[in-house]
S.K.: 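One structure coming up, written as structure tokens, with questions to follow.
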Amino acid sequence: MGWLTGLLDWVDARLPVRRAWDTHMGKYYAPKNFNFWYFFGVLSLVVLVIQYLSGIWLLMSYQPSAEGAFASVEYIMRDVDFGWLLRYVHSTGASAFFVVVYLHMFRGLLYGSYKAPRELVWLFGMAIYLVLMAEAFFGYVLPWGQMSYWGAQVIISLFGAIPYIGEDLVQWIRGDYLISGITLNRFMSLHVVALPIVLLALVVLHILALHEVGSNNPDGVEIKKHKDEQGRPLDGIPFHPYYTVHDLVPVVVFLMVFCFIVFFVPEMGGYFLEKANFQEANPLKTPEHIAPVWYFTPFYSMLRAVPDKFLGFLTMAAAIAILFVLPWLDRSPVKSIRYKGMVSRVMVVVFAAAFIILGVLGVKPPTPARTALAQICTLIYFGYFIGMPFWTRWEKTHPVPERVTMDGGMGPLKFLGVLALTALLVVLPLKAVGAETGHACGTIDCDPIELDFDDKASLQRGAKLFVNYCMGCHSAQYSRWSRVARDLRIPEELVMEHLVFADQKFGDLMEIAMREEEAKKWFGAAPPDLTLATRWRSPEWVYTYLRNFYEDPKRPFGVNNRVFPDVGMPHALWDLQGLNACAPGPAKGEGATTDPLTGHTIETDPCGSYRQVEKGRLSPEEFDAAVYDLVNFMGYLAEPMREERKTLGVYVLLYLAFLFVWVWLLNREYWKDVH
């Protein structure tokens with residue numbers, strides 16, 4: 001090993017590696033009373049590394065053009081080895097980044113980490129947050145889905161509200177008169193080159209500034225005031241090895257939660273990956289409800305709460321700008337919330353609740369009641385900062401100890417009590433304004449369905465129905481015949497004989513569909529690709545839709561649909577189901593009424609049930625089973641890697657659980673003598 005030592009000495013003589021290590025790790029003394037809230041700084045670094053690495057690998061297969069962006073994302077998901085894993089890691093990482101950053105910022109509010117001498121640390125942190133928002137926005141556009149496109153349209157158009165220069169500024173940002181491939185190209189350049197460099201530089205400056213003045217702690221006590229004869233803080237310990245080992249525990253716990261989301265719920269109910277983004281961007285089709293991704297929604301709620309567009313834009317900008325001056329708003333003689341007065345404690349809880357409410361309201365369609373609540377929460381948000389100079393100066397504070405304490409602050413019971421109070425302050429106002437209108441499936445509720453990709457017989461029957469009844473008009477252009485054959489365990493020769501027609505080959509994409517000219521002639525527009533239909537619509541929606549066609553002589557094809565009223569397509573499964581006509585029945589839809597005495601539904605809906613006017617080849621029970629098989633196959637087409645994802649996820653979580661035991665034991669061994 002002598003040669004290795006010599007090499008290190010040679011490098012160190014030319015580059016101060018050891019000195020940098022000692023300054024920032026080995027001889028950097030951190031307070032020994034860090035608690036739960038101090039985990040999120042290191043977790044943000046972990047997520048930053050995850051995003052850089054996964055982003056680099058995604059970029060290798062991504063095509064930044066309006067024609068190819070969406071298809072390249074699906075190519076990554078389906079044809080690149082573990083490409084689906086890279087995409088889910090990156091999309092989950094984007095949301096995880098904001099989760100840990102918001103909690104990291106909230107810790108700063110709790111313990112006064114923005115107060116002297118750490119003002120510059122806070123300013124660098126806020127600059128990181130601002131760049132992170134821009135980075136996330138540009139990255140959100142890259143998949144080129146419906147919400148990516150229209151979300152960008154809404155956000156960019158906000159700059160048009162600026163007097164005199166607004167319209168020119170919007171055009172300059174877009175690089176075109178409309179959002180187009182040029183916009184996508186410049187956003188990709190900013191997302192993968194410019195902003196990551198700025199972000200990395202700000203992170204380095206943030207850490208350098210922190211290590212220059214030293215870390216804050218839950219007591220807000222400066223540990224440099226009390227040192228031993230060697231000049232080492234009495235209440236500090238070397239960051240390495242104590243905190244490098246200590247932080248391994250929350251890192252592994254975080255990775256367990258992170259991987260659970262990646263492998264089992266990557267969409268997180270549409271919050272991490274929005275349903276509308278599984279449709280390719282269409283400038284001619286506006287989504288029913290346009291909203292940015294969840295981490296922007298608190299500020300989006302403020303924008304919508306102000307009737308005037310320009311004033312709303314200023315409000316949203318001011319909500320971020322006011323955070324930069326926070327170090328000069330807090331006039332309290334103490335740093336930590338532990339020793340501040342009751343007003344500060346109550347206000348920080350109310351502020352947190354208001355911010356969460358704004359975030360929830362931002363993802364929901366606006367109603368007068370929701371707008372009123374958003375206006376109240378916006379006033380609370382700004383009132384917190386505007387009122388801070390007054391109550392922090394006047395309130396009575398508690399004595400601050402000379403040295404750090406190790407008692408954990410309020411303790412677990414009080415912490416749970418504050419958490420419950422915050423949850424109550426969030427839930428009750430949202431419940432008061434949260435009544436939803438309409439139904440999940442058009443004018444009716446969705447019928448339940450549970451997909452089963454392990455049922456290969458069902459998938460094979462569904463594939464046959466899909467080819468025979470759907471692909472005459474629709475395509476599945478992001479899926480390959482070879483992938484379907486392999487996953488459904490169908491021999492190649494059977495696929496070519498019974499499923500593939502025209503001149504397609506076994507490895508081709510499933511692009512057989514009606515020609516665009518014929519589609520426009522028959523339907524007015526080309527029928528949509530069905531590869532991802534069950535993903536952006538939901539399996540329940542598709543299942544209910546296919547079972548609810550009914551006779552309507554007023555429509556061009558003689559049928560209508562309760563889930564999608566006045567849809568411009570025929571009943572493709574007519575010969576299987578037959579033809580139903582409306583009949584009076586329980587009012588389950590928009591016209592439902594109830595008996596005021598009994599509370600029972602009154603049968604007033606003229607289309608509350610169906611009667612069969614023309615028999616099909618299948619009985620109602622057989623037809624329902626056939627529709628299940630078809631939707632089951634369409635669900636597989638939307639995400640063919642689902643079962644592989646879940647199986648791999650089990651092994652990853654088991655490994656992390658095993659790793660957790662060892663890092664916990666290692667941490668206990670290192671910290672057993674720290675008091």
Side-chain angles (χ1 to χ4, degrees), residues 40-41 43-45 47-49 51-52 55 93-109 113-115 118-142 151-152 154-159 161-162 165-166 169-170 172-173 186-210 292-303 310 312-330 351-352 355 358-359 362 378 381-382 384-385:
F40 299 107
L43 292 182
S44 62
L45 286 176
V47 182
L48 181 66
V49 172
Q51 292 302 90
Y52 270 100
S95 288
F97 214 154
F98 278 92
V99 169
V100 297
V101 165
Y102 278 134
L103 291 172
H104 189 54
M105 293 168 64
F106 187 65
R107 186 262 290 171
L109 288 179
S113 300
Y114 48 81
K115 290 177 71 70
R118 299 178 181 86
E119 300 96 331
L120 194 57
V121 178
W122 177 262
L123 291 177
F124 281 136
M126 283 307 307
I128 290 171
Y129 175 58
L130 200 59
V131 172
L132 184 62
M133 293 181 77
E135 174 77 349
F137 170 67
F138 293 138
Y140 184 65
V141 177
L142 299 188
V154 169
I155 298 301
I156 294 174
S157 68
L158 293 177
F159 293 92
I162 300 175
I165 64 169
L169 184 60
V170 167
W172 179 75
I173 293 171
R186 60 173 53 193
F187 279 18
M188 191 199 73
S189 300
L190 291 168
H191 181 73
V192 305
V193 180
L195 290 180
I197 293 173
V198 175
L199 187 60
L200 191 59
L202 287 171
V203 168
V204 171
L205 291 173
H206 184 64
I207 295 172
L208 289 175
L210 173 67
V293 73
W294 72 267
Y295 34 79
F296 295 137
T297 53
F299 305 104
Y300 185 61
S301 287
M302 296 180 192
L303 171 72
F310 178 61
F313 175 77
L314 287 181
T315 301
M316 185 174 67
I320 299 171
I322 201 169
L323 291 167
F324 281 85
V325 297
L326 180 60
W328 298 275
L329 296 177
D330 189 345
F351 170 80
F355 190 77
L358 286 169
T378 301
Y381 179 93
F382 283 100
Y384 175 78
F385 295 105

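All figures in this text were calculated on a predicted structure; none of them were measured in a lab.
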S.K.: Between Ser95 and Trp294, what is the shortest heavy-atom contact and its length?
M.R.: OG-NE1, 2.9 Å

S.K.: Can you find a pair of side-chain heavy atoms, one from Val99 and one from Leu43, that are under 4.5 Å apart?
M.R.: no

S.K.: What residues form a side chain to side chain donor-acceptor pair (under 3.5 Å) with Thr378, not counting sequence neighbours?
M.R.: none

S.K.: Which pair of non-hydrogen atoms, one from Glu119 and one from Pro327, has the smallest distance, and what is that distance?
M.R.: CG-CB, 3.8 Å

S.K.: Report yes if some heavy atom in the side chain of Arg107 is under 4.5 Å from a heavy atom in the side chain of His104; otherwise report no.
M.R.: yes

S.K.: So, does Ser301 use its side chain to make a donor-acceptor pair with the main chain of Leu358 at under 3.5 Å?
M.R.: yes

S.K.: List for me each residue that meets side chain to side chain donor-acceptor pair (under 3.5 Å) alongside Thr315, sequence neighbours excluded, and say none if there are none.
M.R.: none

S.K.: Hey, what do you get for CG (Leu303) to OG1 (Thr297), rounding to the nearest 0.5 Å?
M.R.: 12.0 Å

S.K.: If you look at every heavy atom in Phe296 and Met133, which pair is closest and at what distance?
M.R.: CZ-O, 3.3 Å

S.K.: Below 4.5 Å, heavy atoms only, C-beta onward: do Val293 and Phe98 meet side chain to side chain?
M.R.: no

S.K.: With Val198, which residues qualify under side-chain contact (heavy atoms from CB on, under 4.5 Å), at least two apart?
M.R.: Val131, Leu202

S.K.: Residues two or more places apart in sequence or in another chain: which of them pass salt bridge (Lys or Arg N to Asp or Glu O under 4.0 Å) with Arg118?
M.R.: Glu222

S.K.: Tell me every residue that passes side-chain contact (heavy atoms from CB on, under 4.5 Å) with Ala94, counting only those two or more places apart in sequence or in another chain.
M.R.: Gln51, Tyr295

S.K.: Taking all non-hydrogen atoms of both residues, which atom of Tyr300 and which atom of Gly362 are closest, and how far apart?
M.R.: CD2-O, 3.7 Å

S.K.: State the CG-CG distance between Leu323 and Leu123, to the nearest 0.5 angstrom.
M.R.: 11.0 Å

S.K.: Under the side-chain contact (heavy atoms from CB on, under 4.5 Å) test, which residues partner Ile322, sequence neighbours left out?
M.R.: Val325, Leu329, Tyr381, Phe382, Phe385

S.K.: Could you tell me which residues satisfy ring pair (Phe, Tyr, Trp, His ring centres under 6.0 Å) with Phe97, sequence neighbours excluded, listed by chain and number?
M.R.: none

S.K.: Among all residues two or more places apart in sequence or in another chain, which pass the ring pair (Phe, Tyr, Trp, His ring centres under 6.0 Å) test with Tyr52?
M.R.: none

S.K.: Is it true that Phe40 and Tyr102 have ring centroids separated by less than 6.0 Å?
M.R.: no

S.K.: When you compare the side chain of Leu326 with that of Leu109, does any pair of heavy atoms fall below 4.5 Å?
M.R.: yes

S.K.: Closest approach of Ile173 and Arg186, non-hydrogen atoms and distance?
M.R.: O-CD, 3.1 Å

S.K.: What's the spacing between Leu103 CG and Phe106 CZ if we round to 0.5 Å?
M.R.: 8.5 Å

S.K.: Restricting to non-hydrogen atoms, name the atom on His191 and the atom on Leu142 that form the minimum distance, rounded to 0.1 Å.
M.R.: CD2-CD1, 3.7 Å

S.K.: Please enumerate all residues that pass ring pair (Phe, Tyr, Trp, His ring centres under 6.0 Å) together with Tyr114, with sequence neighbours excluded.
M.R.: Trp122

S.K.: Parallel, tilted or perpendicular: which one describes the rings of Phe355 and Phe351, with boundaries at 30° and 60°?
M.R.: parallel

S.K.: Rounded at 0.5 Å granularity, tell me how far CG in Leu200 sits from CG in Leu195.
M.R.: 12.5 Å

S.K.: If the condition is side chain to side chain donor-acceptor pair (under 3.5 Å), which residues does His206 pass it with, not counting sequence neighbours?
M.R.: none

S.K.: How would you list, by chain and number, every residue that makes a side-chain contact (heavy atoms from CB on, under 4.5 Å) with Ala194, sequence neighbours excluded?
M.R.: Leu190

S.K.: Phe124: what forms a ring pair (Phe, Tyr, Trp, His ring centres under 6.0 Å) with it, not counting sequence neighbours?
M.R.: none

